[in-house]
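Worksheet: one structure, shown below.
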Amino acid sequence: MFLILILVFIPSVLLLIWYRHYYIPYKVFSRLGIAHPPVEPFTGNVNGILRQGTLESMEKGVRENGNVYGFYIGISRWLVISNLEILKEIFIKRFDQFPQRAVEPFLIVFFRGEIPPGLIFMEDKQWRVIKPIVSPSFSSRKLKMMTPLIERSCTSLNERMSQISETNKSYDVYDVFGQFTMETVLGAAFGSQVNVLKGEGDSLTEAAARVLAEVDISVILWNNIISSHFSGLLELFLSLFGDFLSIPAKKHFSELILIGYELIKQRRASEDPSQNKDFLQLLMDARSTPEGGGAPSNNVKDSLSDKEIVGLCIDFMLAGYETTKNTMSYISYLLANNDEKQEILCTAIDEYYQENEYASLYDASHDIQYLDWVVSEGLRMYPPVTRISRYCSETSVINGVTIPKETCVQVPVKYLHYSPEHWDQPDEFMPDRFSPEGKEGRHPLCYVPFGYGQRSCIGMRFALMEIKMALTAVLRDFKFEISNDTQIPLKLKQGITQYPVDGVHLKVVKRK
Ligand code: HEM
């Protein structure tokens with residue numbers, strides 16, 4: 001009897017597992033006529049993605065399957081869409097059905113502990129409340145108040161480039177721009193005055209550097225596989241044993257959070273907190289203004305809690321560090337490899353300062369048109385964020401394609417930026433394509449380094465201001481040159497952003 005029970009029970013359980021974790025979930029795309037690579041049990045397409053590289057596998061997928069194809073991470077569904085008309089619907093017209101990004105990996109939830117998510121992973125309902133309170137902190141007027149902080153770091157950057165040029169050797173500018181960005185992002189988020197470029201550090205710089213170094217894409221993929229099969233299992237495991245496992249990322253997050261609380265406390269006790277010109281202070285002072293002006297009604301949340309403020313500042317730091325550091329490094333690399341374009345830019349900067357001798361870096365970076373085109377073209381060729389996601393909250397049919405509820409749409413940014421359908425000679429560095437004539441007739445969705453629609457990058461203006469000011473400060477006196485140890489082409493890797501694995505080695509040469 002017992003033997004019969006075992007013989008029936010075990011196969012039934014195995015059959016059920018096979019049915020629930022393999023047969024049913026992996027049928028969804030094929031039933032809807034959506035192509036996808038062959039799946040492996042349990043992991044779905046993850047092994048193929050890790051073997052080929054995240055970006056490469058996506059580009060191969062688009063080439064082989066066309067502008068709509070699917071893949072599975074564990075049993076969760078991902079749909080890669082590069083059809084611009086479908087994307088326009090998803091980003092704009094059907095925002096209510098695609099209101100947020102991919103679900104936040106539980107590991108990140110665990111790291112941040114009591115702190116609520118920042119805007120990046122914020123769920124739609126909460127985002128609609130918080131975004132109007134946060135948005136005014138990113139207005140041109142508020143950002144302009146932060147320019148002294150960036151000017152100070154630009155001066156240190158210029159001094160650092162001067163030291164490098166004197167060695168007459170090539171140097172890893174990725175490292176230098178990393179220090180510059182760390183200095184500015186910590187200054188902008190928390191008002192830090194530490195001179196990272198001069199080798200100084202403090203507890204904030206250390207905690208931030210460690211948090212930023214800890215996040216690994218394959219860990220996140222495994223997190224997603226487990227959560228897709230056994231929702232709640234990772235949550236249960238980490239809530240029971242998390243505190244006993246000494247996980248470095250958790251420790252560094254906690255340090256950052258405590259520093260954030262301490263800063264808020266000090267600001268509250270300070271006699272004149274208004275002298276602080278950073279996001280922490282702006283968020284402490286922030287009040288939402290209802291559309292059309294006037295005071296917010298009583299039943300609408302109009303200010304942020306301390307936890308929300310700290311969460312948002314850490315979010316800005318995470319979102320702004322690697323993206324900005326990578327962009328500056330890529331643009332320097334492109335300029336070094338395209339000296340005639342670099343000459344045009346340097347001449348534009350010289351001419352501007354001949355006419356406006358005492359102009360601030362902010363004004364120069366705002367007014368020099370060619371600089372804007374160079375930065376835009378740099379972001380086209382090397383977008384640091386190579387994929388944008390939108391989570392489908394309600395089954396939708398768009399242009400004949402059925403997108404089932406709980407599918408995550410991925411937009412292959414880099415693929416769009418190189419598509420010959422939209423770009424002439426996409427492999428060439430041609431800043432003029434961003435001139436008014438160059439832009440004419442181009443579909444807005446084939447260029448999305450900062451995303452698109454209501455959930456596009458809130459830090460875009462800040463990032464562009466910082467990148468342009470830094471480039472102006474450097475190129476007034478120096479230029480970039482390739483040397484024997486410049487890696488051409490750059491070897492790139494997909495982490496949270498796309499980054500140059502071996503850094504960017506260039507010579508920095510004095511211009512005059
Ligand atoms: C070159 C630098 C940067 C690039 C390329 C970049 C790119 C992006 C992209 C592609 C997104 C997703 C947009 C979408 O889903 O449509 C995003 C979102 C976001 N970025 Fe940036 N970013 C940069 C710098 C920054 C900086 C400096 C900050 C903060 C100061 C920042 C804060 C954010 C936040 C908070 C979000 C989420 C917005 C929301 O959901 O409402 N970013 N960024």
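Values below: all heavy atoms of this structure, side chains included; hydrogens, waters and symmetry mates excluded. Indexing begins at 1, ligand by ligand and atom by atom, following the structure's order.
Summary of contacts: the protein heavy atom closest to atom 24 (C) of ligand 1 is Thr323 OG1, 3.6 Å. Looking at atom 8 (C) of ligand 1, its nearest protein heavy atom turns out to be Cys457 CB, 3.6 Å. Atom 36 (C) of ligand 1 has as its closest protein heavy atom Ile120 CG1, 3.9 Å. Of all protein heavy atoms, the one lying nearest to atom 4 (C) of ligand 1 is Phe450 CE2, 3.4 Å. Protein heavy atom closest to atom 13 (C) of ligand 1, with residue, atom name and distance, is Arg455 O, 3.4 Å. Closest protein heavy atom to atom 1 (C) of ligand 1: Thr327 OG1, 3.4 Å.
For ligand 1, none of its N or O atoms has an N or O atom of Thr324 under 3.5 Å away. The distance criterion of under 3.5 Å between nitrogen or oxygen atoms is met by Arg101 with respect to ligand 1.
The Phe462 neighbourhood of ligand 1 comprises atoms 27 (C), with distances under 4.0 Å to a heavy atom of that residue. Applying the 4.0 Å criterion to heavy atoms of Ile458 picks out, from ligand 1, the atoms 34 (C), 35 (C). Near Trp127, meaning under 4.0 Å from one of its heavy atoms, ligand 1 places the atoms 39 (C), 40 (O), 41 (O). Counting atoms of ligand 1 from 1 in the listed order, those under 4.0 Å from a heavy atom of Tyr452 are 16 (O). Near Pro449, meaning under 4.0 Å from one of its heavy atoms, ligand 1 places the atoms 5 (C), 7 (C), 10 (C). Close approach of ligand 1 to Ile388 is summarised as follows: ligand atoms under 4.0 Å from at least one heavy atom of the residue are 14 (C), 15 (O), 16 (O). Every atom of ligand 1 with a heavy atom of Asp315 under 4.0 Å away is listed here by number and element: 35 (C). Set against the non-hydrogen atoms of Gly451, the atoms of ligand 1 under 4.0 Å away are 10 (C), 13 (C), 14 (C), 16 (O).
The two residues Ser389 and Arg101 make their nearest non-hydrogen contact at OG-CB, 3.5 Å.
Summarising the local packing, CD of Glu421 is surrounded by 12 or fewer heavy atoms from other residues, nucleotides or ligands at distances under 6.0 Å. The neighbour count for Lys88 NZ, taken as heavy atoms of other residues, nucleotides or ligands under 6.0 Å away, does not exceed 12. Counted within 6.0 Å of NE2 on His422, heavy atoms from surrounding residues, nucleotides or ligands total more than 12; the atom is thus considered enclosed.
With a 4.0 Å heavy-atom cut-off, ligand 1 is reached by no atom of Glu466.
For the pair Asp96 and Arg128, the salt-bridge criterion is met [side-chain N within less than 4.0 Å of a carboxylate O]. With respect to the salt-bridge test (charged N to carboxylate O, under 4.0 angstrom), the residues Lys405 and Glu394 do not qualify. A salt bridge links Asp306 with Arg268: the closest approach of a Lys/Arg side-chain nitrogen to an acidic carboxylate oxygen falls below 4.0 angstrom. Taking 4.0 Å as the cut-off between side-chain N and carboxylate O, Asp175 and Arg160 do not count as a salt-bridged pair.
Side chain to side chain, Gln487 and Asp502 meet the donor-acceptor criterion of an N or O pair below 3.5 Å.
Which of Ala319, Ala463, Gly320 comes nearest to atom 33 (C) of ligand 1 through a heavy atom is settled by distance: it is Ala319. Ranked by closest heavy atom to atom 38 (C) of ligand 1, the top entry among Ala189, Gly459, Ser456, Gly118 is Ser456.
Residue Arg390 places a heavy atom under 4.0 Å from ligand 1.
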*Take Ser393 and Gln97, measure what side chain to side chain donor-acceptor pair (under 3.5 Å) needs, and give me the verdict at the end.*
CA-CA 5 Å; Ser393 63; Gln97 289 156 31; over 6 Å; no

*asked:* Walk me through whether Glu322 and Lys325 qualify under salt bridge (charged side-chain N to carboxylate O under 4.0 Å, His left out).
replied: CA-CA 5 Å; Glu322 268 199 25; Lys325 156 189 175 178; over 6 Å; no

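Cation-pi check for Arg433 over Trp373 is not met; the charged atom does not lie both under 6.0 angstrom from the ring centroid and within 45 degrees of its normal.
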